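This chain uses plain numbering: 1 for the first residue, then up along the sequence. Scope of the values below: all heavy atoms of this structure, side chains included, with no hydrogens, waters or symmetry mates. From a predicted model like this one, the values you see are computed outputs, not experimental measurements.
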Amino acid sequence: MLLPALLLAALPQTAPEPVATVRIAFDRKRETAVSATGYADLAAQRPVTPDDPVRVASISKLVVAIGVLRLVEQGTLDLDADVSKALGWPLRNPGFPDTPITLRLLLSHRSSLTDNVDYVLPLDADMAEVLRDPRAWDAEHAPGSFFRYTNFNFPVIAAVMERATGERFDRLMDRLVLRPLKLDACYNWASCAPATAARAVAIYRARQPTKDDHKGAPPACAVTPARDGSCDLGRWRDGANGAIFSPQGGLRISARGLARIGRLLLNRGRVDGVRLLSAQSVTLLETPLWTFDGSNGDTGDGFYCSYGLAVTFLPTARPGCSDNLFGDSRPRLGHGGEAYGLRSGLWLDRAAGTGVAFFATDVPDTTGTRSAFTPVEEALAAPPR
């Protein structure tokens, strides 16, 4: 058993402790160490557990990629097709109107979309109209030529998935990924049971709740309400608004659930007797599509230096990169998450056949001693022995 004190001892003495931390180490067969400390609900003094669902932020993108690849395996989607055909309207950078945009480009943040317009859209928004705003696009770089981490890529991906299947994104992800893996998880709470939502880990910043402070009950509205304040999911239309269920960051899942996804990838698409992906699809996930060369992307102050189909690769030994989360030279792959004061991670060491899943709430935006990640993430990634 990993002692929480070991994790906290690795933090700078001046850093406040997170409200909650959960960490699970695992190998191909099982969990190998579990730690949980602090509170899922600070006001109620409800202790956090490894089974409590939390908004894991951008790790949600990696799970979306698994769903996309399942549809690719079935012949429903093509990674290299122009997504405009599936959407039913032209998705084009107005500065480069002849360059098609594909799922491969969207998943790898090379689509030339930006987050200069709001990607958290109300229930009744028209996403096509939002993306006609020139501010949504990089006017200097054509699709495929530049990496820029952009959350808005994933509402577009969700819309493509909906149009290709006729299914609501959250239910589609439940069918393709979550239910086969027996995960009590959901996107934006809409397809989670009320009892699951009532156990949510509240997220904090400076001890003030920022997300999912349900006070022991399910949320009044499982998604961002419509502009008139209403919350009628009967207004959903396939592909009209891929942001409804927050594919870019709204997955609610436990640390234990993340560890199972990690074991799925370590076992090349199979876990606990379930074959979810082919080994070839896992290889696609584990293949970098972009690596920083000094000028071909925005690294986010060194945070992103190598990326694939919603997968980050660490570490990158070149000037301008500060992604040495684990403090060693061993290659790792996975994804981090950051939103509303939460930090999370799912990282695999393919060669060793091991991985770690973790999250912490109420984490200050400070830089660690060896990377652009926070000291909390550095401590949870590679705790002292």
Side-chain angles (χ1 to χ4, degrees), residues 18-24 38 40 48 52-67 107 109 115 118-121 149-155 157-158 169-170 173 177-178 183 185-190 192 197 200-205 209-214 219 222-224 242-259 261-262 300-301 303-304 307 310-312 314 323 325 333-347 356-366 368 371-378 380-381:
V19 169
T21 61
V22 178
R23 181 186 190 275
I24 298 181
V48 71
D52 292 335
V54 67
R55 187 187 192 278
V56 291
S58 287
I59 301 175
S60 308
K61 297 177 173 72
L62 171 55
V63 182
V64 170
I66 293 172
L107 286 162
H109 297 288
D115 283 335
D118 194 358
Y119 56 87
V120 181
L121 303 180
Y149 192 87
T150 300
N151 285 290
F152 217 146
N153 285 313
F154 282 75
I157 293 166
F169 171 78
D170 63 322
M173 287 300 299
V177 180
L178 305 177
L183 297 173
C186 55
Y187 279 80
N188 259 16
W189 296 119
C192 265
V201 176
I203 300 175
Y204 298 89
R205 183 177 281 126
T210 58
K211 208 73 174 174
D212 291 345
D213 183 24
H214 296 162
V223 302
T224 302
I244 291 174
F245 302 102
S246 191
Q248 75 281 352
L251 176 63
R252 270 65 172 195
I253 189 172
S254 68
R256 183 152 277 148
L258 284 182
I261 290 172
D301 296 324
F303 193 87
Y304 294 107
Y307 205 86
V311 174
T312 307
L314 310 174
D323 58 354
L325 171 62
L333 60 97
H335 216 291
E338 179 273 321
Y340 305 107
L342 168 134
R343 298 283 176 151
S344 59
L346 175 61
W347 301 103
V356 61
F358 61 78
F359 71 82
T361 62
D362 202 353
V363 179
D365 293 328
T366 55
S371 71
F373 292 81
T374 64
V376 170
E377 290 166 286
E378 290 183 349
L380 288 168

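When all heavy atoms are compared, the tightest approach of A185 to L178 is O-CD1, 3.4 Å. Heavy atoms only, all atoms of each residue included: L380 and V356 are closest at O-CG2, 4.0 Å. Heavy-atom minimum distance, V22 versus A255: CG1-CB, 3.5 Å. Shown here for G250 and S60, the closest heavy-atom pair between the two residues is N-OG, 3.5 Å. For the residue pair D52 and A40, the shortest heavy atom distance occurs at OD2-CB, 3.9 Å. Residues L325 and A381 share a closest heavy-atom pair of CG-CB, 3.7 Å.
Around atom CG of D301, no more than 12 heavy atoms belonging to other residues, nucleotides or ligands sit under 6.0 Å away.
Remark: the backbone N or O of V19 is not paired with any side-chain donor or acceptor of D362 at under 3.5 angstrom. Here the side chain of E378 pairs a donor or acceptor atom with the backbone of S371 at under 3.5 angstrom. The closest donor-acceptor contact from the side chain of T361 to the backbone of A20 lies under 3.5 Å. Between the side chain of H109 and the main chain of N153, no donor-acceptor pair closer than 3.5 Å is present. Of the possible polar contacts, none joining the R252 side chain to the P53 backbone as a donor-acceptor pair under 3.5 Å is found. N151 places no side-chain N or O within donor-acceptor distance of the main-chain N or O of D115, the cut-off being under 3.5 Å. Panel note: side chain R343, backbone G341; no donor-acceptor pair is recorded below 3.5 Å. A donor-acceptor pair under 3.5 Å is absent between the side-chain atoms of S344 and the main chain of F359, judged by distance alone.
Taking 4.5 Å as the limit, some side-chain heavy atom of F245 sits within range of a side-chain heavy atom of V223. With a 4.5 Å cut-off on side-chain heavy atoms, W347 and T312 count as touching. Using a 4.5 Å heavy-atom threshold, the side chains of L342 and Y340 count as separate. Under the 4.5 Å side-chain criterion, counting only non-hydrogen atoms from C-beta, I253 is in contact with I261. Residues F154 and S58 are not in side-chain contact: their nearest non-hydrogen atoms beyond the backbone lie 4.5 Å or more apart. Contact check for P155 versus P247: side-chain heavy atoms found under the 4.5 Å cut-off. Within the 4.5 Å cutoff, the side chain of V63 has heavy atoms near those of the Y187 side chain. Side-chain contact between W189 and R55: absent, with no pair of heavy atoms (C-beta onward) separated by less than 4.5 Å.
One distance of note links CG of L183 with CE of M173; it measures 10.5 Å at 0.5 Å rounding. The distance from atom OH of Y307 to atom CG of L333, rounded to the nearest 0.5 Å, is 12.0 Å. From I24, atom CD1 reaches atom OG of S254 across 6.5 Å, with rounding to the nearest 0.5 Å. Between atom CD of residue E377 and atom CZ of residue F358 there is a gap of 5.5 Å, rounded to the nearest 0.5 Å.
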Yes or no on side chain to side chain contact (heavy atoms under 4.5 Å, CB included) for F169 and I157, after CA distance, side-chain angles and deciding distance? CA-CA 10 Å; F169 171 78; I157 293 166; over 6 Å; no

What do the steps show when you test Y149 against K61 for side chain to side chain contact (heavy atoms under 4.5 Å, CB included), and what is the final call? CA-CA 12 Å; Y149 192 87; K61 297 177 173 72; 3.1 Å; yes

Applying side chain to side chain contact (heavy atoms under 4.5 Å, CB included), run through I59 and L251 and close with a yes or a no. CA-CA 8 Å; I59 301 175; L251 176 63; 5.7 Å; no

Derivation and outcome, side chain to side chain contact (heavy atoms under 4.5 Å, CB included), residues V48 and V201: CA-CA 7 Å; V48 71; V201 176; 4.1 Å; yes

